Chemist: 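Take this structure, written in structure tokens, and hold onto it; I'll ask about it next.
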Amino acid sequence: MSGTFVGMPAFPVAAREAVHDATLRGNLRHATHTIRAKRARAVGELSDWARLREAGRRIKDHTLRHLDRYLVQLEESVTAAGGTVHWAADAAEANRIVTALVKATGESEVVKVKSMATQEIGLNEALEAEGVRAYETDLAELIVQLGKDRPSHILVPAIHRNRGEIRDVFVREMGAWGRPAPEGLTDAPAELAEAARLHLREKFLRAKVGVCGANFMVAETGTLVVVESEGNGRMCLTLPETLIAVAGIEKVVPSWRDLEVFLQTLPRSSTAERMNPYTSTWTGTADEDGPRAFHLVLLDNGRTDALADRVGRQALRCIRCSACLNVCPVYERAGGHAYGSVYPGPIGAVLSPQLRGTASEIDASLPYASSLCGACYEVCPVAIDIPEVLVHLRERVAQGGPAVREGNRVVLRPARGHAAERAAMRAAGWVFARPRALRAGQRLASRTRRLHPRTLPGPGRAWSGARDLPAVPVEPFRDWWQRTRGGKDGGR
Ligand code: SF4
């Protein structure tokens with residue numbers, strides 16, 4: 001398995017394989033059910049949860065509406081505190097900036113804090129291509145990296161692995177990356193954690209460059225915030241001489257007062273804790289302590305396109321808590337890899353097609369990777385109406401296909417694979433507009449109902465392959481109404 005998601009098949013194809021993997025389904029079911037129950041208890045402790053959720057939604061909406069102002073304020077604050085801000089329009093530019101910054105230090109290795117943004121842009125691979133090795137230091141990311149695997153969950157990237165599999169990865173791979181796994185390592189959690197700690201410690205002490213993301217960036221002081229559970233992030237943020245942060249532009253919040261809301265909702269929604277164990281905040285550089293050089297790379301990579309979409313922009317409120325993944329019946333069965341993105345689950349299904357467009361098969365299929373049950377919306381601490389965005393994106397895929405630039409204008413290409421759906425909708429519209437034709441069709445369907453196939457032919461097979469076709473009644477409803485109500489309202 002490769003480390004990137006490039007060239008993934010459409011969701012239904014990728015998910016089919018995962019659904020038949022009994023071990024994967026067992027791992028996912030156990031993990032998601034455990035986290036979801038704990039989250040419900042942690043959230044239930046707060047009598048003002050609904051108000052906190054609404055406050056989070058408003059703060060994010062306000063910030064997104066005035067993003068230009070807050071980003072400039074953030075840049076000024078970071079610069080005044082001794083940091084340097086870089087602007088990256090896309091993944092390639094962000095990778096170029098980070099690679100150049102690392103090479104300017106003369107170093108050939110970096111330690112990394114868990115960061116979705118750097119996964120999104122494929123930073124590790126870009127650094128590798130330039131002879132720089134990146135070491136993941138978050139335990140789950142370490143498991144993914146050593147196993148040459150891909151993350152499958154926002155918070156617990158190795159959720160698809162059980163303890164026995166993790167032990168095997170450690171024993172097999174650790175030696176090639178540094179300190180080998182201890183002799184006789186078992187799958188006891190404490191032993192696995194100790195093996196990772198020993199393996200990582202020498203990297204922390206040696207590293208001169210650290211790379212991180214940010215959960216939040218406070219515009220008024222230029223402060224970056226990383227919340228984590230293991231303490232590895234704190235090591236990466238304080239020990240290296242140079243610190244490079246890569247963060248999406250939507251991570252900015254105006255003030256510390258705003259931050260306070262999210263520091264309450266994020267831990268309870270993600271790890272079901274009242275307060276996360278490590279909250280690291282730092283502002284620029286200081287002579288006495290921490291990195292001597294600090295760089296912040298502000299990443300767009302499709303975010304301003306999402307911001308321009310009236311319905312879709314709410315996805316930018318996301319604080320990456322992963323609560324929506326843990327309650328999603330589709331994620332629980334298909335797993336994270338099927339989404340073909342570092343952003344799996346319900347949020348991935350609305351974020352990836354907006355950040356990357358819907359030109360590829362996988363991105364065009366993601367808005368359909370949902371039953372629209374609404375559980376994701378119920379648990380989201382910033383009230384993102386994911387079902388609403390999913391339906392909106394389905395409309396975009398079905399009606400427009402990918403947007404492509406032709407000369408000076410952007411045109412919508414017809415969507416592949418949806419011609420049959422559009423033809424069926426046109427036919428239905430024609431029939432519903434003609435009551436006589438509708439009645440004749442219903443009677444014909446009732447009379448021939450024993451001859452109807454159990455599955456639809458042609459492109460309709462994909463629809464009926466996962467559903468039971470509804471049985472056609474012996475008698476159409478209108479005829480039944482007329483017969484039993486004596487024609488009083490039967491003509492309507
Ligand atoms: S969409 Fe909401 S529930 Fe899902 S990860 Fe983002 S903030 Fe959490």
Side-chain angles (χ1 to χ4, degrees), residues 31-32 35-40 42-43 46 49-50 52-61 63-64 114-117 119-120 140 151-157 159 213-216 225 227-228 247-248 250-253 258-259 261-273 276 303 306-307 309 311-332 334 336 339 341-355 366-367 369-393:
T32 55
I35 304 174
R36 123 177 22 162
K38 284 186 181 169
R39 176 216 157 263
V43 166
L46 291 183
W49 178 258
L52 279 169
R53 185 178 189 239
E54 178 60 12
R57 184 188 72 76
R58 285 182 182 214
I59 292 167
K60 282 285 182 179
D61 277 352
T63 314
L64 289 170
K114 181 179 180 307
S115 148
M116 303 298 297
Q119 286 171 16
E120 177 189 322
S152 65
H153 190 276
I154 290 176
L155 187 72
V156 198
I159 196 170
N215 293 92
F216 306 98
V225 183
V227 296
E228 43 128 6
E250 81 283 14
K251 297 286 182 174
V252 66
V253 293
D258 299 316
L259 178 67
V261 172
F262 301 112
L263 291 184
Q264 292 182 72
T265 53
L266 179 56
R268 286 178 194 263
S269 298
S270 55
T271 49
E273 291 165 307
N276 57 289
R303 286 161 175 78
L307 194 60
D309 187 307
V311 178
R313 71 173 63 131
Q314 58 185 304
L316 296 177
R317 282 188 219 137
C318 178
I319 56 172
R320 311 280 190 268
C321 72
S322 75
C324 57
L325 278 66
N326 301 329
V327 296
C328 177
V330 176
Y331 175 86
E332 183 187 323
Y339 292 80
S341 162
V342 294
Y343 303 113
I347 183 58
V350 294
L351 199 55
S352 304
Q354 293 200 81
L355 296 183
L366 285 177
S370 169
S371 64
L372 301 180
C373 70
C376 47
Y377 170 63
E378 294 297 323
V379 297
C380 179
V382 283
I384 300 172
D385 193 342
I386 292 177
E388 182 191 22
V389 184
L390 285 167
V391 172
H392 173 68
L393 291 174

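This one's a predicted model, so the numbers in the text were calculated from it and none came from an experiment. Start at 1 and go down the list; that is how both ligands and their atoms are numbered.
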Chemist: Measure the distance from atom 7 (S) of ligand 1 to every protein heavy atom, then report the residue, atom name and distance (to 0.1 Å) of the closest one.
Modeler: Ile319 N, 3.4 Å
Chemist: Spell out, as yes or no, whether a donor-acceptor pair under 3.5 Å connects the side chain of Arg57 to the backbone of Ala383.
Modeler: no
Chemist: Is it true that Arg39 and Glu273 make a salt bridge, defined as a side-chain N closer than 4.0 Å to a carboxylate O?
Modeler: no
Chemist: Below 4.0 angstrom from a heavy atom of Pro381, which ligand 1 atoms are there? Numbered from 1 as shown, please.
Modeler: 2 (Fe), 3 (S), 7 (S), 8 (Fe)
Chemist: In terms of side-chain geometry, is the basic nitrogen of Glu250 or Arg320 positioned less than 4.0 Å from the acidic oxygen of its partner?
Modeler: yes
Chemist: Which residues and atoms, protein N, O or S only, are under 2.8 Å from atom 4 (Fe) of ligand 1?
Modeler: Cys324 SG
Chemist: Return yes if some donor-acceptor pair links the side-chain N/O of Arg53 with the main-chain N/O of Cys380 below 3.5 Å, else return no.
Modeler: yes
Chemist: Using modelled atom types only, decide if a donor and an acceptor are shared between the side chain of Arg317 and the backbone of Val382 within a distance under 3.5 Å.
Modeler: yes
Chemist: Does Asp385 offer a backbone N or O that forms a donor-acceptor pair with the side chain of Gln314 under 3.5 Å?
Modeler: yes
Chemist: Is it true that a side-chain atom of Glu378 and a backbone atom of Gly374 form a donor plus acceptor pair closer than 3.5 Å?
Modeler: no
